[in-house]
Amino acid sequence: QLQASGGGLVQAGGSLRLSCAASGRTFSSYAMGWFRQAPGKERVFVAAINWSGSSTYYADPVKGRFTISRDNAKNTVTLQMNSLKPEDTAVYYCAARGGGYVSRSDFSYDFWGRGTLVTVSS
């Protein structure tokens with residue numbers, strides 16, 4: 001089970017930190033990803049991290065502004081979002097992918113958490 005938190009309302013240029021807590025004893029065997037879905041749009045890839053945290057991947061729109069990290073001891077994955085823009089407004093979802101290796105494709109993720117809403121005002 002995945003539980004995302006940390007969303008909220010922030011002004012453009014501000015920061016938010018999203019967290020995703022996972023239950024279960026095999027968290028470290030999963031790659032973790034963040035996706036987002038803006039109103040009226042499809043869900044898209046944001047960032048992913050492999051099982052150990054040694055490899056991270058980002059969508060082009062968030063490179064240099066967002067940072068994904070994980071703490072396997074605490075079963076958590078975090079998305080630090082800086083320099084937020086109004087176009088970052090979306091519901092953000094965390095997801096887990098078995099096998100430990102990252103993917104940008106949402107269909108390859110096995111478990112999904114409830115989303116958390118991020119609203120960036122201009």
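Reckoned from all heavy atoms, side chains included, excluding hydrogens, waters and symmetry mates.
- Listed by first then second residue, pairs satisfying side-chain hydrogen bond (donor to acceptor under 3.5 Å, both in side chains) with a partner in residues 37-47 read Arg43-Asp106, not counting sequence neighbours.
- Tyr101 pairs by the ring pair (Phe, Tyr, Trp, His ring centres under 6.0 Å) definition with nothing, not counting sequence neighbours.
- The hydrophobic cluster of Trp51 has no other members, since no ILVMFWY side-chain heavy atom comes under 4.5 Å of it.
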TODO: Please step through side-chain contact (heavy atoms from CB on, under 4.5 Å) for the pair Trp34 and Phe45, ending with a clear verdict.
DONE: CA-CA 7 Å; Trp34 285 96; Phe45 170 78; over 6 Å; no
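- Among residue pairs with one or both ends in residues 87-97, those qualifying as side-chain hydrogen bond (donor to acceptor under 3.5 Å, both in side chains) are Arg36-Asp88, Arg36-Tyr92, Arg65-Asp88, Arg97-Ser108; sequence neighbours excluded.
- Sorted by first and then second residue, the side-chain hydrogen bond (donor to acceptor under 3.5 Å, both in side chains) pairs involving residues 68-77 (not counting sequence neighbours) are Arg70-Asn72.
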Task: Ile49/Val77 under side-chain contact (heavy atoms from CB on, under 4.5 Å): CA gap, chis, key distance, verdict - done: CA-CA 9 Å; Ile49 189 167; Val77 61; 4.1 Å; yes
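- Annotation: the span from Asn82 atom CG to Leu16 atom CG amounts to 9.5 Å, rounded to 0.5 Å.
- Contact annotation: the side chain of Val118 approaches that of Val120 to within less than 4.5 Å [non-hydrogen atoms, C-beta and beyond].
- No side-chain donor-acceptor contact under 3.5 Å links Thr119 to the backbone of Leu9.
- Taken from OG1 in Thr78 to CG in Leu18, the straight-line distance is 8.5 Å, to the nearest 0.5 Å.
- Tracing side-chain contacts under 4.5 Å through hydrophobic residues (I, L, V, M, F, W, Y), one reaches Val102 starting from Trp112; they form part of the same cluster.
- Judged as a side-chain hydrogen bond (donor to acceptor under 3.5 Å, both in side chains), and not counting sequence neighbours, the contacts of Arg17 are Gln80.
- Partners of Ser54 under the side chain to side chain contact (heavy atoms under 4.5 Å, CB included) rule, at least two apart in sequence or in another chain, are Asn50, Ser52.
- Linking ILVMFWY side-chain heavy atoms closer than 4.5 Å, directly or via other members, places Val62 and Leu79 in a single hydrophobic cluster.
- Listed by first then second residue, pairs satisfying ring pair (Phe, Tyr, Trp, His ring centres under 6.0 Å) with a partner in residues 57-87 number zero, not counting sequence neighbours.
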TODO: May I have the step-by-step check of side-chain contact (heavy atoms from CB on, under 4.5 Å) for Leu2 and Met32, ending in yes or no?
DONE: CA-CA 10 Å; Leu2 301 175; Met32 299 298 295; 4.0 Å; yes
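- In this structure, the separation between CD on Gln11 and OG on Ser122 is 9.5 Å, given to the nearest 0.5 Å.
- Identified under the disulfide bond (SG atoms under 2.5 Å apart) test for residues 43-104, with sequence neighbours left out: Cys20-Cys94.
- Looking at residues two or more places apart in sequence or on another chain, you find a ring pair (Phe, Tyr, Trp, His ring centres under 6.0 Å) between Tyr109 and Phe35.
- Qualifying side chain to side chain contact (heavy atoms under 4.5 Å, CB included) partners for Ser5, counting only residues two or more places apart in sequence or in other chains: Ser19.
- The list of salt bridge (Lys or Arg N to Asp or Glu O under 4.0 Å) pairs with a residue in residues 53-62, not counting sequence neighbours, reads Asp60-Lys63.
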